[in-house]
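Contents: one structure, followed by commentary.
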Amino acid sequence: MNVEQLEHAVQRLSSEELHSFSEWFEEFLADRWDAQIEQDIAAGKLDGAAAKADEDFEAGRCTPL
């Protein structure tokens, strides 16, 4: 199935089916994002950002939430 076929299939869903699909798709995207973050962490891609955050915290450049 290509994207155009998928778009047409989604357009034919009932309101209930669309709601169910929407919930599933949101969770699917969140899971994919989580997996990407985990891969980036393992690859060291976020080390610079973490070091900068630690540096800012130690220098008192952070505010409590």
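Since we're looking at a predicted model, the values are computed, not measured.
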> Is it the case that more than 12 heavy atoms not belonging to W33 sit under 6.0 Å from its CH2 atom?
Replying inline: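 Not buried by this count: 12 neighbours or fewer within 6.0 Å.
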Tell me whether [Y] is reachable from [X] by hopping between hydrophobic residues (I, L, V, M, F, W, Y) whose side-chain heavy atoms are closer than 4.5 Å.
X	Y	result
F28	I37	no
F21	L29	yes
V3	V10	no

>> According to side-chain contact (heavy atoms from CB on, under 4.5 Å), who are the partners of T63, at least two apart in sequence or on a separate chain?
In response: none
Approximate separation, where rounding is to 0.5 Å, of [X] [atom1] and [Y] [atom2]:
X	Y	atom1	atom2	answer
D34	E27	CG	CD	10.0 Å
E4	E7	CD	CD	7.0 Å
L6	Q11	CG	CD	10.0 Å

> Quick one: do the S14 and E17 side chains pair a donor with an acceptor below 3.5 Å?
Replying inline: yes
> Between E23 and E26, is a side chain to side chain contact (heavy atoms under 4.5 Å, CB included) present by the stated rule, with each step listed?
Replying inline: CA-CA 5 Å; E23 287 182 342; E26 286 182 35; 6.0 Å; no
>> Show, in sequence, the C-alpha distance, side-chain angles and deciding distance for E55 and R61, and conclude whether the salt bridge (charged side-chain N to carboxylate O under 4.0 Å, His left out) test is met.
In response: CA-CA 9 Å; E55 178 184 310; R61 292 188 293 261; 3.4 Å; yes
> Got a donor-acceptor contact below 3.5 angstrom from the Q5 side chain to the N2 backbone?
Replying inline: yes
